[in-house]
Amino acid sequence: MGVSIYIGKNTDKEKRYVELKENEANHITFLGPSGSGKTTVMRALAEEIFQNVPGALVVVIEQKYDKNKAKDLMDFLTLVTKKKGPNFVKENLQPLLQYYNILKNDGVLHGKPGDFAFGWPNYPFTLYPPFPGDKHSILSWHGLKPKAFPVKRIVFRPVRDLEAIEKDNHCAVREGKVRYKDVDFDFIARLAQINRNTIYGRVIRQAWDLEKKRDPDELERFGYEWERKYRPNSNVPSTTLLSILEVCALLRSDTIFSKNRDFTSELSTDVINVIDFSANSELSPAEEAWIFKHLVMYIVTKFVRFRNTPVFFIIDEVQNLLQHPDGKKALDKLNREGRSNWVNIISGTQYMYGLPAFLIYGAAHIGIIGRIASADDEMLLRKVIRDFHRIKNPKVKSFTEYKNVKPWLKGRGWFSFDKMYTERIYFRPPQSL
């Protein structure tokens, strides 16, 4: 059993599809420099999978928002109003008109849609032709129309009002919470900058990890019990107890924690799930990696093994997660699960050299967006892709040639099917913003 998803057209304008098989790991790795359209292609694949793989859980790891998207939407609205009149806009584009008024009145708090703004139809792509002088738009050339998708966005320690994030992305937004009981000592040690070699550090670790007293109230009681046991005659609180109480206060005040709620309960196969690691969320890179690991462990247990659900992770800038041990463990887990279950990693990166072998040698397919940016990656891909000679990296001899070639490369490149057959591809554009 499997499904075919549309990936784009080749140079002969023939449609190309990728076969996703249930009994195989269908990992896809995309390589492309910043601004090449890598994220745009991955957004399009997320849409394809959501529409064509019944019951799939689609999870997107987003790294940033894009202010230009709001401007593109407003430019589109201005043009349509000029060509078809305000009555047409009121009747057919009411949500977009309301967003325009929001930006007009408050463009400081708003105007920051995410890289994966599935809630907005991709109106701007109805304006741009795929080739100079072409009468088609990019979308119509591929036989597509603008479309919004059901999406749920999860934000951690939000730095903006959730309502503003909702308006920008035209979707449901939830504040991400992590249950105390799911957090290990390493997480809170980094958060509270606990020195493991101190007495209070060892006491907290004993309470939190060994005795599973994973709640600030229980940890506080444990601290007082320790004080009574080891300092029974003291009338003054020890520095150990005060340090424990300080950690408890920090845990209570941090909005990411909850006694009962966990962000994983928000996941659904009825929507595209966006985990917002952009500037909307106040997270350190290590915390992002831990949250990703926690997410993976939950999905593997609850969706893959228990429900036998096909799972697709779309991970933008995957190299960021790989800088931390938790991120490496989680990605390795996904790779291993993909061998026997329908678990798939679709990842994007600016460079391949130095990435884990399973993202390169273990990927079923490799896509190159725009061009190969480094000599190291070119050498690596020569070893991996059997017909690498088909790939022609653009060579420019003047600044004028460079200016002409760069826009032409965006959203185009090469796709290596099973690393056996490589073809020039005009990648499928996204129907959403």
Side-chain angles (χ1 to χ4, degrees), residues 154-159 174-267 275-277 281-302 306 320-333:
I154 301 175
V155 186
F156 301 87
R157 295 196 195 103
V159 299
R174 301 288 185 268
E175 184 175 355
K177 298 286 186 179
V178 179
R179 287 179 299 194
Y180 288 117
K181 70 177 185 178
D182 294 326
V183 179
D184 55 20
F185 174 74
D186 288 340
F187 187 95
I188 64 170
R190 286 193 296 266
L191 175 69
Q193 297 181 337
I194 299 173
N195 187 337
R196 297 165 178 267
N197 296 320
T198 60
I199 295 176
Y200 88 92
R202 292 197 291 270
V203 172
I204 293 175
R205 183 177 180 277
Q206 179 184 347
W208 199 269
D209 269 0
L210 302 181
E211 300 193 21
K212 303 299 181 184
K213 298 185 183 298
R214 295 188 171 183
D215 182 284
D217 295 338
E218 292 185 32
L219 178 59
E220 183 176 291
R221 284 193 290 271
F222 187 88
Y224 279 113
E225 290 172 2
W226 181 91
E227 184 84 349
R228 286 193 294 271
K229 181 177 181 180
Y230 292 101
R231 303 181 78 249
N233 300 320
S234 177
N235 296 322
V236 180
S238 66
T239 56
T240 297
L241 177 61
L242 292 176
S243 297
I244 293 171
L245 297 180
E246 187 178 349
V247 171
C248 292
L250 177 62
L251 293 174
R252 291 190 185 101
S253 64
D254 195 326
T255 58
I256 201 172
F257 294 119
S258 170
K259 288 194 175 186
N260 302 309
R261 285 180 54 205
D262 192 86
F263 75 93
T264 52
S265 65
E266 300 284 355
L267 300 175
I275 307 300
D276 192 334
F277 285 168
S281 296
E282 191 176 14
L283 293 170
S284 69
E287 287 174 332
E288 291 176 0
W290 185 93
I291 287 172
F292 177 63
K293 183 185 75 170
H294 176 56
L295 172 69
V296 167
M297 297 305 177
Y298 176 85
I299 287 176
V300 167
T301 302
K302 300 296 184 181
F306 182 69
N320 294 342
L321 290 173
L322 288 165
Q323 293 175 9
H324 302 275
D326 285 337
K328 291 179 182 178
K329 290 176 184 176
L331 281 163
D332 184 61
K333 180 77 171 175

Evaluate Trp226 against Ile199 for side chain to side chain contact (heavy atoms under 4.5 Å, CB included), listing each step before the verdict. CA-CA 11 Å; Trp226 181 91; Ile199 295 176; 3.8 Å; yes

Could you give me the CA-CA distance, side-chain angles and deciding distance for Asp215 and Lys181, then say whether side chain to side chain contact (heavy atoms under 4.5 Å, CB included) is met? CA-CA 7 Å; Asp215 182 284; Lys181 70 177 185 178; over 6 Å; no

Please assess Leu267 against Tyr298 for the test side chain to side chain contact (heavy atoms under 4.5 Å, CB included), listing each intermediate value before the final yes or no. CA-CA 10 Å; Leu267 300 175; Tyr298 176 85; 4.2 Å; yes

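In Lys229, the NZ atom is not crowded: 12 or fewer heavy atoms of neighbouring residues, nucleotides or ligands sit closer than 6.0 Å. Remark: Lys333 NZ is packed, more than 12 non-hydrogen atoms of other residues, nucleotides or ligands lying under 6.0 Å away.
Contact annotation: the side chain of Ile256 approaches that of Leu283 to within less than 4.5 Å [non-hydrogen atoms, C-beta and beyond]. Taking 4.5 Å as the limit, some side-chain heavy atom of Arg214 sits within range of a side-chain heavy atom of Asp209. At a threshold of 4.5 Å between non-hydrogen side-chain atoms, the residues Tyr180 and Leu219 do not count as touching. Residues Phe185 and Ile188 are in side-chain contact: their nearest non-hydrogen atoms beyond the backbone lie under 4.5 Å apart. Two residues are said to be in side-chain contact when any heavy atoms from C-beta on lie closer than 4.5 Å; Ile244 and Tyr224 fail this criterion.
Qualifying side chain to side chain donor-acceptor pair (under 3.5 Å) partners for Gln206, counting only residues two or more places apart in sequence or in other chains: Glu211. Every residue meeting the salt bridge (Lys or Arg N to Asp or Glu O under 4.0 Å) condition with Arg157, not counting sequence neighbours, appears here in chain and number order: Asp254, Glu287. For Arg174, the salt bridge (Lys or Arg N to Asp or Glu O under 4.0 Å) criterion is met by Glu266, not counting sequence neighbours. Take Asp217 and apply the salt bridge (Lys or Arg N to Asp or Glu O under 4.0 Å) test, not counting sequence neighbours, and it matches Arg252, Lys259.
Between the side chains of Ser234 and Arg231, a donor-acceptor pair is found at a separation under 3.5 Å.
What you find for His324 and Asn320 is that their closest heavy atoms are CD2-O, 3.9 Å. Considering all non-hydrogen atoms of both residues, Val247 and Ala192 come closest at CG2-CB, 4.2 Å. Residues Pro216 and Leu251 come closest through the heavy atom pair CB-CB, 4.2 Å. Summarising the geometry of Arg179 relative to Asn260, their closest heavy-atom pair is CD-O, 3.2 Å, with the distance given to 0.1 Å. Taking every heavy atom of both residues into account, Lys177 and Thr255 meet most closely at NZ-O, 2.5 Å.
Judged purely by atom type and a 3.5 angstrom limit, Glu227 has no side-chain atom pairing as donor or acceptor with the backbone of Pro237.
Rounding to the nearest 0.5 Å places OG1 of Thr240 at 10.5 Å from CG of Leu245. Taking CG from Leu322 and NZ from Lys329, the interatomic distance works out to 13.5 Å, rounded to the nearest 0.5 Å. We find the CD-CG distance between Glu220 and Leu241 to be 8.5 Å, quoted to the nearest 0.5 Å. A distance of 8.0 Å separates CD1 of Ile154 from OG of Ser265, quoted to the nearest 0.5 Å.
Taking the six-membered ring where tryptophan is involved, the planes of Phe277 and Phe156 are tilted, since the angle between them lies from 30° to 60°.
Within the structure, every pair that satisfies the side chain to side chain donor-acceptor pair (under 3.5 Å) test and touches residues 196-205, not counting sequence neighbours, is listed here: Asp186-Arg196.
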In residues 288-295, what donor-acceptor pairs under 3.5 Å come from side-chain atoms, sequence neighbours left out?
unit_1 : atom_1 : unit_2 : atom_2 : d
Lys293 : NZ     : Asp326 : OD1    : 3.2
His294 : NE2    : Asp262 : OD1    : 3.2
His294 : NE2    : Asp262 : OD2    : 3.2

